[in-house]
Amino acid sequence: MRKTLGMAALAAVLAGGAQAQSTADEIAKYREMIADGNPAELFEMEGESLWKTPRGPKKATLEQCDLGQGPGVVDGAFARMPRYFADTGRVQDLESRLLTCMETLQGIPASAVVDGDWNKGERKTMDALAAYVVTHSRGQKIQLDLANPQTRRMYELGKRAFYYRSGPMDFSCSTCHGEDGKRIRLQDLPNLTHKEGAIAAWGSWPAYRVSNSQFWTMQHRLNDCFRQQRTAEPEFASEVTVALSVYMAATAQGGVLQTPGLKR
Amino acid sequence: MANPMRIRAAVKDGFTEVRVLMSHVMETGQRKDSSGALVPAHFITELTAKHNDKVVLLAQFGPSVSTNPYLSFKFQGGAKGDKIVVSWVDNKGDSRSDEALIA
Amino acid sequence: MDHKRRDTLKAGGGLGIFGLLVAAGLIKPELAEAAWNKSAFEAKNLESALAALGAGKPGDSAEVQLNTPDIAENGAVVPVGVVSKLPNTEQIAILIEKNPNLLAAKFEIPAGTAAEVQTRVKMGQTSDIYAVVKADGKFYVTKKEVKVTLGGCGG
């Protein structure tokens, strides 16, 4: 195996240990205590009202938005995403599908989100809308249509992207998320290549983050991991981000969604 | 204008349990923004909860209460369909009042 | 899931909520006088915070329970629950010793309301948390240390 600067640096940050176990137990207790009353609910309420508010040049609501279960059907939609949409001819995750609805129904250009800043303007709107939609899949099983050839293609692409090393440290997603029991300081890093870890991760995003009181979509989470990886920032809702989501969701297939989550 | 609260109230064993999430920055006044300027304090100072017309809890908050505050408490009595009203004011004079029915 | 949206309450004339409630005849003026206790919330040490609460030197009581985690993963959100088993508990206050302003929250418990509240506080660093309870006109205290792995006052 190649010895790289990356591996040495990683060995330093990924130091685990038995002593960390009791701390991990205490932190599990902490998380349990704050699980009830997730402030994500505030974003969900805002999202619901945004969903029903006429907006954009066309002054339309999103109530006719087709998230894959038919126009206006929100219940269970996220549990089946990402999925292939015939009208756009693309596999779309929740965020990219919301972009489509905002553009076609409301006339809000996708660029308002894609070229925007996190926690501002239409990207912030997107956060609230995502919170609303995913709440209506909470408790449901992740059920991707893996028989669909387009979805399969994205799965393969996502898997390749997951193992693709890049950046000055030569990291891939799998460097940090490809083994059990890894952690950076106190942060447990889920093993996203196995069902259990994938369910824990995919099944609990988007999430409210207590550290900064912000609501993050998976697009935001992934963007931050590209930063962790020290590689170029992916474009919002770009093909690689959707492909990675298909890979993670497919690995989590059958797991129960706990969305929206509550994270550090 | 402040965003709505989420209020949940449910009867259990003769008590009504009330859980409230408020949307508020709860700025401490100690934090600096990216340009190094102090962000002025902005936090909820007083809160009141009523069951029908009876006050069931009064609270005062300081800036140490977490952003998007959470509060839970319980009172004796209360029946399904009764009204719970929660109101707050903050140090800048903003206020908000929301209601929910006991489930 | 039931929630109704309401227009914001117009806190006219700087009355504040308590003032409005008094004006509406909903609470007794004594309670309104308890309106935001500036000196208690601005106290910088335990002694002056207790003094401002009128608590003086409260006695330790096992009847006052503090429910917190031993370790908080993030100081921005530390769950704190206080339960008082003391009869006629009228007031519950939560103080964080190492925070710049010690007093985090104070609750008035009317008759019929359980002496049991839960909220969440910010902690800048590992510190003792105090629960101060007033029951039958007397003050009692209990404390517990909470370790913070990441300070929560940066926002």
Does atom NZ of B:K80 have more than 12 heavy-atom neighbours, drawn from other residues, nucleotides or ligands, at distances under 6.0 Å?
-> no
Top residue by heavy-atom pair count (under 4.5 Å) with chain C, among B:A103, B:G62, B:S66?
-> B:S66
Per-residue contact mode, C:V78 against chain B (heavy atom under 4.5 angstrom) = backbone
B:D90 side chain to B:T45 main-chain N or O, any donor-acceptor pair under 3.5 Å?
-> no
Cationic N near anionic O, under 4.0 Å, C:E108 to C:K106 | yes
Per-pair distances, 0.1 Å, donor-acceptor, side chain in residues 50-72 of chain C, under 3.5 Å, sequence neighbours excluded:
{"unit_1": "C:S61", "atom_1": "OG", "unit_2": "C:E63", "atom_2": "N", "d": "3.0"}
{"unit_1": "C:T68", "atom_1": "OG1", "unit_2": "C:K144", "atom_2": "NZ", "d": "3.0"}
{"unit_1": "C:D70", "atom_1": "OD1", "unit_2": "C:K144", "atom_2": "NZ", "d": "3.2"}

Scored by heavy-atom pairs under 4.5 Å with chain C, the best of B:Y70, B:F75, B:F73 is B:Y70
According to the side-chain hydrogen bond (donor to acceptor under 3.5 Å, both in side chains) rule, which pairs have a member within residues 128-138 of chain C, sequence neighbours left out?
-> C:N88-C:D136
Among B:N91, B:V20, B:V56, single out the residue with the greatest number of heavy-atom pairs under 4.5 Å to chain C.
-> B:V56
Which region of B:F61, side chain (C-beta onward) or backbone (N, CA, C, O), has a non-hydrogen atom less than 4.5 Å from a non-hydrogen atom of chain C, or is it both or neither?
-> both
So, B:R96 and B:D98, do they make that salt bridge, N to O below 4.0 Å?
-> yes
Using non-hydrogen atoms only, which part of C:A111 is less than 4.5 Å away from chain B: side chain, backbone, both, or neither?
-> backbone
C:G81, C:G112, C:A115: which one forms the most heavy-atom pairs within less than 4.5 Å of chain B?
-> C:G112
